Amino acid sequence: MIKKIGILTSGGDSPGMNAAVVAVARCAAMYDIKLMGIKRGYNGLLGLSDNPEDDIAELNLETVLDIADQRGTFLRTARCDEFKKPEVQRQAAQTLRELGVDALVVIGGDGSFNGAMRLCELGIPCVTIPGTIDNDLGYTEQTLGFDTAVNVCVEAVRSIRATSRSHDRPSVVQVMGRHAGDIAMRTAMATGAEMVVCPEMEWDTDELAARLNGLIAKGNTRATLVIGENCWHKMKEFDWRKFLNDNGKTIYPGEPLNAERLASILKRKCNGIEARATVIGYTQRGAVPSASDSAFAFEAGHLAVQLLNRGIANQAIGLRHGQVFNMPIADALSMKKHFNRELYDLINKL
Ligand code: ADP
Ligand code: F6P
């Protein structure tokens with residue numbers, strides 16, 4: 001019989017984490033299970049704060065009543081490198097046992113899932129909910145926060161396009177996603193962007209410039225290139241520093257390539273067209289969760305408690321064909337993420 005469960009959010013915060021906490025709280029209350037909120041990811045299990053309440057505190061329905069549509073994560077989050085050490089994991093499991101916490105819900109990305117697996121091995125039943133804007137987990141169609149992040153990017157591209165159109169300027173827009181191009185791809189499709197560059201695919205500045213020149217020749221002087229962060233290592237070899245230095249823009253050795261410099265390169269390869277760059281950044285993480293993320297959070301939180309209450313643990317919750325489902329965390333993590341090459345090619349040639 002489960003009497004007390006813990007919940008934590010870990011890794012980068014993502015819209016919908018709070019909604020998932022509320023769903024878990026409501027469902028736990030329904031089963032008469034106490035809920036402990038663990039603060040700042042796995043850090044909360046390490047007894048780092050002077051006041052223990054700053055690490056772990058009971059959550060009741062009143063405490064979390066109004067947080068579902070709040071931005072950020074109420075429980076706070078962190079990247080806790082210490083927790084990768086086996087002795088620290090053992091100490092965390094011991095802390096949970098001493099507090100009488102029978103099981104844990106972990107909301108985060110693949111790193112956080114790995115942490116949950118280690119705790120399962122140490123006898124703490126865990127269920128994980130995918131919380132990351134990156135949508136970089138192969139086993140699930142959606143992660144909490146992805147839909148919201150895309151909506152932020154779509155809104156941003158629409159605004160950028162309005163000013164681009166006014167000035168006849170193409171735009172480079174950089175979105176997040178870590179090593180996954182999902183946010184870039186979906187944003188590009190939803191906004192009708194003419195070009196997309198993702199960290200999964202090799203790309204070439206000459207090809208981008210040829211595409212842009214072709215668009216300009218047809219009268220499209222406000223084209224949008226959406227790029228996923230971390231795409232730089234996939235750029236086809238090109239001495240871009242020399243190119244820019246030879247073409248009137250000083251670049252010092254060691255300076256990295258970025259969206260602004262890519263815009264400068266395109267300007268110089270496209271007859272001086274005034275390409276501009278925008279990096280959307282953390283607004284993607286700090287937005288109010290969309291209806292889709294909030295509804296997924298509701299179902300996922302509910303399923304997490306149901307599983308633990310039935311004694312089923314070591315499970316990752318995801319979405320498949322629009323339905324919530326669960327599978328063993330290790331199997332979930334071993335599923336390779338599919339990159340949709342056909343859509344990628346389509347965006348870049350339509
Ligand atoms: P995400 O969960 O979004 O992928 P990270 O990769 O930063 O984010 O991981 C979040 C946290 O999960 C880490 O700071 C650490 O506390 C924990 N974690 C990550 N990898 C492992 C691992 N291999 N073993 C145990 N804990 C891990
Ligand atoms: O994983 C979510 C994410 O926002 C990624 O898209 C991004 O690469 C990373 O986190 C940024 O991390 P930090 O908050 O440490 O800057």
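As a basis for the values below, the full set of heavy atoms in this structure was taken, side chains included, without hydrogen atoms, waters or symmetry mates. Remember, predicted model here, so these are calculated numbers, not experimental data.
Using a 4.5 Å cut-off on side-chain heavy atoms (C-beta onward), R161 and S171 make no contact. With contacts defined as side-chain heavy-atom distances shorter than 4.5 Å, the pair N114/M117 qualifies. P125 places none of its side-chain heavy atoms less than 4.5 Å from the side chain of D102. Residues H167 and T163 form a side-chain contact, since some pair of their non-hydrogen atoms from C-beta on lies under 4.5 Å apart. When side chains are defined from C-beta on, E194 counts as touching T224, because their heavy atoms get closer than 4.5 Å. Looking at V127 and N326, their side chains never come closer than 4.5 Å, going by heavy atoms from C-beta outward. Side chains of F146 and R186 form a contact here, defined as non-hydrogen atoms less than 4.5 Å apart. Two residues are said to be in side-chain contact when any heavy atoms from C-beta on lie closer than 4.5 Å; F113 and P130 meet this criterion.
Between L59 and V21, the shortest heavy-atom distance links the atoms CD1-CG1, 3.9 Å. For the residue pair T140 and G318, the shortest heavy atom distance occurs at OG1-CA, 3.4 Å. Scanning all heavy atoms of the two residues, the minimum distance from A92 to L46 falls at CB-CD2, 4.4 Å. Across A23 and A297, no two heavy atoms sit closer than the pair CB-O, 3.6 Å. The nearest pair of heavy atoms linking E255 to T250 is OE1-O, 4.3 Å. Contact record, P289 with D69: CD-O, 4.1 Å, taken as the closest heavy-atom pair.
K3 contributes no side-chain N or O that, together with a main-chain N or O of G100, makes up a donor-acceptor pair within less than 3.5 Å. Looking only at distances, no side-chain donor or acceptor of T73 sits under 3.5 Å from a matching main-chain atom of D13. The main-chain N or O of N18 is never found under 3.5 Å from a side-chain atom of Q70 such that the two would form a donor-acceptor pair. Looking at K249, its side chain never comes within 3.5 Å of a backbone N or O of I265 through a donor-acceptor pair.
The distance from atom CG of N314 to atom CG of D331, rounded to the nearest 0.5 Å, is 9.0 Å. One finds the CE atom of M235 at 8.5 Å from the CG atom of L262 (value rounded to the nearest 0.5 Å). Here the CZ-CD1 distance, from R178 to I183, works out to 11.0 Å after rounding to the nearest 0.5 Å. In this structure, NZ on K234 lies 7.5 Å from CE on M201, to the nearest 0.5 angstrom. A distance of 13.5 Å separates CG in D50 from CD in E53, rounded to the nearest 0.5 Å. Going from atom CG of N230 over to atom CD of Q174 covers 8.0 Å, rounded to the nearest 0.5 Å.
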Step-by-step side-chain contact (heavy atoms from CB on, under 4.5 Å) determination, V196 to N348:
CA-CA 6 Å; V196 66; N348 283 306; 3.6 Å; yes
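Evaluated for a salt bridge (charged side-chain N to carboxylate O under 4.0 Å, His left out) with E274, the options R268, R169, K267 yield exactly one hit, K267. Partner of L104 under the side-chain contact (heavy atoms from CB on, under 4.5 Å) criterion, out of L308, I5, L96: L96 alone.
One finds no salt bridge joining E207 and K269 here, because no Lys/Arg side-chain nitrogen approaches an Asp/Glu carboxylate oxygen to under 4.0 Å.
More than 12 heavy atoms of other shown residues, nucleotides or ligands fall within 6.0 angstrom of atom CZ in R241. Residue K34 places its NZ atom among 12 or fewer non-hydrogen atoms of other residues, nucleotides or ligands, all under 6.0 Å distant.
Counted by atom type alone, Q91 and E87 present zero donor-acceptor pairs between their side chains at under 3.5 Å. A donor-acceptor pair shorter than 3.5 Å can be found between the side chains of D293 and Q142.
The aromatic rings of F83 and Y42 lie parallel to each other, their planes meeting at an angle below 30°, with 60° marking the opposite boundary.
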